[in-house]
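One structure below.
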Amino acid sequence: MKTMTCIVCPMGCRLTVDSGEVSGHRCNRGRDWALAEVTNPVRVLTTTVALEGGELELLPVRTLAPVPKAKLRDCLRHANRLRVKAPVRMGQVICPDLAGTGVQLTAARSVAKI
Amino acid sequence: MHDVIIIGAGIVGCAAAYSLSKYKLRVLVVEQGPDVAMAASRANSGIIHAGYDPPPGTLMADLNVQGNAMYPDLCRKLDVPFRNNGSLVVAREGEEEQLEELLRRGRANGVPDLAILGRDEVLNREPNIAKDVAAALYAPTAGLISPWEMTLAFAQVAAVNGVTFRFNTRVTGVLTEDDRIAGLETTAGRLAARVVINAAGVHADLLAHMAGAERYEILPRKGQYLLLDKELDGWVKHTVFPLPNPKSKGVLVLPTVDGNILAGPTAEDILDREDNSTTREGLARVRESALQLFPDLPLNRVISSFAGIRAVPVDGDFIIRSSARIWGWIDAGGIQSPGLTAAPAIADKLIRLVAGLIPLQPREEHHDRRSTLRLRELPLQERQRWIQRNPLYGRIICRCEGVSEGEIVDALHGPVSATTLDGVKQRTRAGAGRCQGGFCQPRLLTIVARELGISPCAVTKAGPGSPLVAGRLNKGGAGDEE
Amino acid sequence: MGAALEARRLGVGDILVIERDKFLGGILQQCIHNGFGLHLFGEELTGVEYAQRFIDAMQREGIAVMTDTMVMEAEPGMVRAVNADGVHEIQARAIILAMGCRERTRGAINIPGSRPAGVYTAGAAQRLINIEGFLPGRRAVILGSGDIGLIMARRLTLEGAKVEAVAEIMPWSNGLARNIAQCLDDFNIPLLLSHTVVEIHGHKRLEGVTLARVDDNLQPIPGSERYIPCDLLLLSVGLIPENELSRQLGVAMDPVSQGPVVDQYLHTSVDGVFACGNVVHVHDLVDFVTLESRRAAAGAARWLARPKRGRCIPLKAGDNVSYVVPQRISVPAEEDVTLLLRVRRPLRKPEFILRSGEEQVLRRVRPVALPAEMVEIKVPAAAIPGAGELEILCRGEKR
């Protein structure tokens, strides 16, 4: 049996997983998350990458889908090596496959060129 | 070769530099800190005392009353805000006799217009004061200034007149030849001088000893303060003292020139001369004592607390004299309260002492005025003119105090300009408001770096050893910068 | 932006948004973490994305914007702002205040000690890291377990700093449970409840802090002190609505929420001046800020169409409720009214009762209520009496 705080939404439900059965959830996403959390926990990574020629020097980015928790460090290392050129549109794919996870890294905002 | 080196860029050192700058002399000020007024001159009550407190016949009493009379004109010339708010020493029932004693002392010292006010008049002037007050000594000549601003004003005019300032430079030795001053050994090398003025504040006794001059002893005494929000402007009008005790004038409550309320100081004898940390007990004592004067003081509106170290002379009086043992060594030691008030009079006395050693020739052309741009004090229509001249005056960086990028840039250039974030804050008030830099500090960091032509990682809060950030993020393979 | 877009949707033609920063979006631009927009957009966005959606919509709608512009003075019907082009006097029949909030500082909570470099509010550090690109320190202690503090614990860790601990003076955290899970637990960062910083050490740069356990009265327990070396102390000790302009306008304030007193249209005590978002009270979710901004826009649009005000009845915060917004209700209520409130202490099975005098108007029961989480209660228009006084109170078991 494992108890955890659900991180799917800001509700923060206390979930219990006991031999594949979830309790304490208030939605299906919470149940799915709890099941994944005991087998392969995943997290959305948000960070910044270097941006050239833009109104800002850093571009905020996010993984489009959650990545395995165990690979967070690798993902971050990969993101820190990236360099992007302005202009950028929100949603633009910055890296098609972050650290071999198959997950895309996308721009979280638009930045104009200067 | 310098004619005069002044040790210490506090209020006394800078006032002396200002006065000496009117003469044909090569004057240098050495200061261990990164800016003017880094110690006692920064962290005090900012009061221009009337002068009823020091015992008659002392140097303190004389110079206090003289200095008080000099300030209004000085502040006009040097464009330093001065608020002639008057002071009250309040007594409870049964304590009125002590007010009479202060009144007698004040009259003996030559303090003008002192009066004892009855309860109704006190409550009328200060509606929030404790209702059990019985009477008060009113001193209409007491006033308020920003001690930091005053020190800077002296320094800036001195610099325009040719005085050199060396910051981040500590004196490590005094060079003498045949009992005459030859110069100073400093962390920036040897500096030759004919005359040295020791205005080293809390360290002055150690330097006098180092020079071989007559010994004296200074006790460091800590004073802790609480600063309240400007929104309370007008809540306290006068500088309000309790009756003095043998050690100090007690914890007082007063407005500041900027409209905040200040409460403090404590009077704690300490060992470490640079320990300006606040303590839980000390701040609690300030709160407690302040509430005795103003029971409804809104202490939930405290925006900052700080502590300063005063240089208390063991023998009680200021020590201002030419050494009989070492020719060329002049002490200005033990300048505790009312040192700020006395500073211009102290400077005049120091000039006379210098004149006793080397000939003084007035400089025909010298500056004796300063003006600073304080956009927040101007009507908005006038700001328009400044923005047309420089668009940076229209870009507000510090939202709490309404300080523009143009004013911040100005503070980083010109005579005795800022080299640190605290220096910018002191000169412009950027970051000194109710958010205490929460919003503008990151932006100030980049402006300061840009204007000084250094990496943001090299920008400090208050000089070497106080960087604001640990390094750049490791993005795009940029690597770490220490 | 939420108010501007809603006002446009309701047919208001001449709208201007004034922003002091270089970009629209306010503090959201430094909130690169996700967790925004679930209520409004049904998906989880980063703060930056949430802002960008509004910025894009503003562009589509062609709503006028002045950025890098600071409002210096305001009076009913007019604001005066400055920017690099000069001083601007702008007339408006309705003004909506949406300046947000600021962080409480070291001075406000009075931590004794020295004053070295390396003490930041969490938000200032967030801007330094996420926008300016600097690491404020390498070894951190965070005081306060509000959401910004928790988010920054993770952010610092991801950028290579070591977070020694998050200390919280209360016996509970003011942050969302999921932020404790994904920002602290994921990285083994200890959360020390009933702990506070009692002293700051270091002459020039921060060298360490002394932490102590506190008793039930939040006073440090002698003997429980421990020294933690660190070069960074982040303060996440609460937010305060920023109401300098509101005070200039002469708006009546609520001393508890620290924002203007408003009715259900977010109309302040001054005719034609509305307020929404963290200016009114500190929200925990941006989605609720947007919903409130829409109500303010609707209120302003209504005012523009018919600049007349009805009678108001007061709504008081009763037992266990620290404050409620709106603080008064304009009657007769034409639409359902949304009440937003906070409880004073954590409660189980709280029962919210709205009453008029002794008469119960409405009753709502929730599974739990925490001071950190705003409670929303919808009151049908028909249930609101036309006169008297309203009070909302809460009963529940202590948790």
Side-chain angles (χ1 to χ4, degrees), chain B residues 224 226-227 231 274-283 300-306 376 380-381 383-384 387-388 391-396 399-400 402 404 421 434-439 441-443 445-446 456-457 460-475 478 480, chain C residues 20 30 68-70 72-73 80-87 89 99 102-118 120-121 123-125 127-129 131-139 159-161 198-205 220 231-232 235 240 242 244 247:
Chain B
Q224 305 190 38
L226 292 170
L227 186 71
E231 269 168 23
E274 308 223 324
D275 171 23
N276 60 354
S277 59
T278 53
T279 62
R280 197 178 174 74
E281 302 74 31
L283 295 176
N300 57 346
R301 310 297 297 279
V302 167
I303 62 166
S304 185
S305 58
F306 61 90
R376 76 198 130 91
L380 276 181
Q381 280 63 30
R383 190 184 279 259
Q384 175 79 29
I387 297 173
Q388 277 163 359
L392 292 185
Y393 290 125
R395 185 177 288 159
I396 305 297
R399 54 174 82 166
C400 302
S404 68
L421 208 69
R434 47 183 74 85
C435 91
Q436 292 285 299
F439 285 117
Q441 200 163 307
R443 295 177 77 183
L445 180 67
T446 51
C457 302
T460 65
K461 178 178 186 287
S466 65
L468 281 154
V469 295
R472 253 184 229 282
L473 295 187
N474 184 16
K475 298 289 175 186
D480 235 311
Chain C
R20 53 193 157 199
Q30 65 188 51
D68 248 329
T69 305
M70 177 89 181
M72 306 293 280
E73 293 170 6
R80 292 188 192 87
V82 299
N83 61 20
D85 300 328
V87 179
E89 200 168 273
M99 298 88 72
R102 64 166 183 269
E103 297 177 279
R104 289 179 77 207
T105 62
R106 174 184 174 184
I109 54 168
N110 242 311
I111 311 171
S114 54
R115 306 189 68 77
Y120 285 98
T121 58
R127 185 176 172 119
L128 272 176
I129 297 175
I131 295 184
E132 316 286 350
F134 298 105
L135 193 61
R138 300 194 185 280
R139 203 167 171 187
E159 291 298 349
V198 292
E199 194 175 347
I200 290 172
H201 307 270
H203 191 58
K204 291 171 180 282
R205 175 83 198 186
D231 67 348
L232 178 64
L235 304 175
I240 305 169
E242 212 169 35
E244 281 68 41
R247 288 194 186 88

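Reckoned from all heavy atoms, side chains included, excluding hydrogens, waters and symmetry mates. Residue numbers start from 1 in every chain, and the chains themselves are labelled A, B, ... in the order their sequence lines are given, proteins ahead of strands.
Among residues two or more places apart in sequence or in another chain, the side chain to side chain donor-acceptor pair (under 3.5 Å) test is passed with C/E199 by none. With sequence neighbours left out, the side chain to side chain donor-acceptor pair (under 3.5 Å) criterion links C/E244 to B/R434, C/R102.
With a threshold of 4.5 angstrom between heavy atoms, C/H203 approaches chain B through side-chain atoms but not through N, CA, C or O. Heavy atoms closer than 4.5 Å to chain C are found nowhere in B/Q224, neither backbone nor side chain. Using a 4.5 Å cut-off between heavy atoms, B/L226 touches chain C through its side chain atoms alone. Both the backbone and the side chain of B/S305 have a heavy atom closer than 4.5 Å to some heavy atom of chain C. Within the 4.5 angstrom heavy-atom criterion, only side-chain atoms of B/Q381, from C-beta onward, approach chain C. Contact of B/L392 with chain C is not made at all, since no heavy-atom distance falls under 4.5 Å. Interface remark: B/L445 contributes side-chain atoms only to the contact with chain C (heavy atom separation under 4.5 Å).
In this structure, OG1 in B/T446 is found 9.5 Å from CG in C/L128, a value given to the nearest 0.5 Å.
Inspection of the B/Q436 and C/T105 side chains reveals no N or O donor paired with an N or O acceptor under 3.5 Å.
Residues C/R80 and C/M72 have side chains not in contact (no heavy-atom distance under 4.5 Å, counting atoms from C-beta outward).
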